[in-house]
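Since the structure comes first, as structure tokens, the remarks are kept for the end.
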Amino acid sequence: MLKKMGEAVARVARKVNETVESGSDTLDLAECKLVSFPIGIYKVLRNVTDQIHLITLANNELKSLTSKFMTTFCQLRELRLEGNFLHRLPNEVSTLQHLKAIDLSRNQFRDFPEQLTTLPALETINLEENDIVDVPVEKLATMPALRSVNLRFNPLSAEVRVIAPPLIKFDMLVSPEGAQPPPP
């Protein structure tokens, strides 16, 4: 067990160092068994946070993200958080004014993260395979850049299915009522 943990820590350190040394605009910490965003990374990345535009934390074991994460990486254009245990986002997600795409698929959201409706550059929201019943259609309809919202395999209410289509100018992807996601 300790050996596996050590390997996971070494992998994270290696990926963070690669980002810093190469001056990359991407930090990829997918599949690193993270239960939280490592605090030490803030210090290592402090001189390059402004140039990081894509962070991938997919397929980890994250239950939450902190407000510090959102305010530190406020230059993000894309945030990939699919395959975690997230059920909400911090209010500080509203500081991500340049965010164009967010992937929150295969998490544990019961409520649509309404803070996303305040992001002016947001074009794509992926919430596939969550437990969302209600969607703030009116707020989504006012988002200037929004092009696509993926809500497939969510138990959406009949009201959302009826109200949404005439109000929206973006693609809203939904599954047939009662459809089940394919097995993993």
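Heavy-atom basis, side chains included; hydrogens, waters and symmetry copies ignored. Residue numbers start at 1 and run along the sequence shown. These numbers were taken from a predicted model, which means no experiment stands behind them.
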Donor + acceptor pair across side chains of Asp28, Thr26 (<3.5 Å): no
Worked verdict on Asp50 versus Gln75 for side-chain hydrogen bond (donor to acceptor under 3.5 Å, both in side chains): CA-CA 6 Å; Asp50 286 351; Gln75 295 299 316; 5.0 Å; no
Criterion salt bridge (charged side-chain N to carboxylate O under 4.0 Å, His left out) on Lys63 and Glu61, from CA distance to verdict: CA-CA 6 Å; Lys63 290 185 176 71; Glu61 298 169 18; over 6 Å; no
Over all atoms of both residues, closest heavy-atom pair of Lys15 and Cys32: CD-SG, 4.2 Å
Nearest-0.5 Å distance, OG of residue Ser64 to CZ of residue Arg88: 6.5 Å
Any Leu45 side-chain heavy atom under 4.5 Å of Phe73 side chain: yes
Expected output: side-chain Asn154 to main-chain Leu151 donor-acceptor under 3.5 Å: yes
Main-chain N/O of Leu62 paired with Asn84 side-chain donor or acceptor, under 3.5 Å: yes
Neighbour count above 12 (heavy atom, 6.0 Å) for Asp111 CG: no
Point-to-point distance, once rounded to the nearest 0.5 Å, from CG of Leu122 to OG1 of Thr117: 9.5 Å
Test item: Leu140 and Phe112 side chains (from C-beta on) under 4.5 Å apart, heavy atoms: yes
Check: Thr124 and Ile102 side chains under 4.5 Å, non-hydrogen atoms: no
Whether Arg147 side chain and Ala145 backbone form a donor-acceptor pair below 3.5 Å: no
Stepwise side chain to side chain contact (heavy atoms under 4.5 Å, CB included) check, Lys68 with Glu92: CA-CA 8 Å; Lys68 180 175 179 130; Glu92 290 77 6; over 6 Å; no
Expected output: side-chain Asn107 to main-chain His87 donor-acceptor under 3.5 Å: no
Over all atoms of both residues, closest heavy-atom pair of Leu89 and Pro113: CD1-CB, 3.9 Å
Asn130 side chain to Arg106 side chain, donor-acceptor N/O pair below 3.5 angstrom: no
N/O donor-acceptor pair under 3.5 Å between Ser24 side chain and Val20 backbone: no
Euclidean distance, Leu29 CG relative to Thr56 OG1, rounded to 0.5 Å: 8.5 Å
Taking every non-hydrogen atom, the tightest pair across Met70 and Leu79: CE-CD2, 4.4 Å
Lys169 side-chain N/O to Ala141 backbone N/O, donor-acceptor pair under 3.5 Å: yes
Gap between atom CG of Leu173 and atom CD1 of Ile125 - 0.5 Å precision: 11.5 Å
Exercise: identify the closest heavy-atom pair between Leu99 and Glu78: CD1-N, 3.6 Å
Tyr42 reachable from Ile55 in the ILVMFWY side-chain graph, under 4.5 Å edges: yes
Donor on one side chain, acceptor on other, Gln51 and Asp25, under 3.5 Å: no
Polar side-chain atom of Ser175 near backbone of Phe153 as donor-acceptor pair, under 3.5 Å: yes
Nearest atoms (heavy-atom pairs only) where Ile168 meets Met172: CD1-CB, 3.6 Å
Salt bridge present between Glu159 and Arg161 (N-O < 4.0 angstrom): no
Side-chain (Asn60) to main-chain (Lys33) donor-acceptor, under 3.5 angstrom: yes
Flag side-chain contact, heavy atom, 4.5 Å: Leu81 against Asp103: no
Minimum-distance pair of heavy atoms, taken over all atoms of Gln115 and Asn91: NE2-OD1, 3.6 Å
Pair Lys139 + Glu114: basic N to acidic O under 4.0 Å: yes
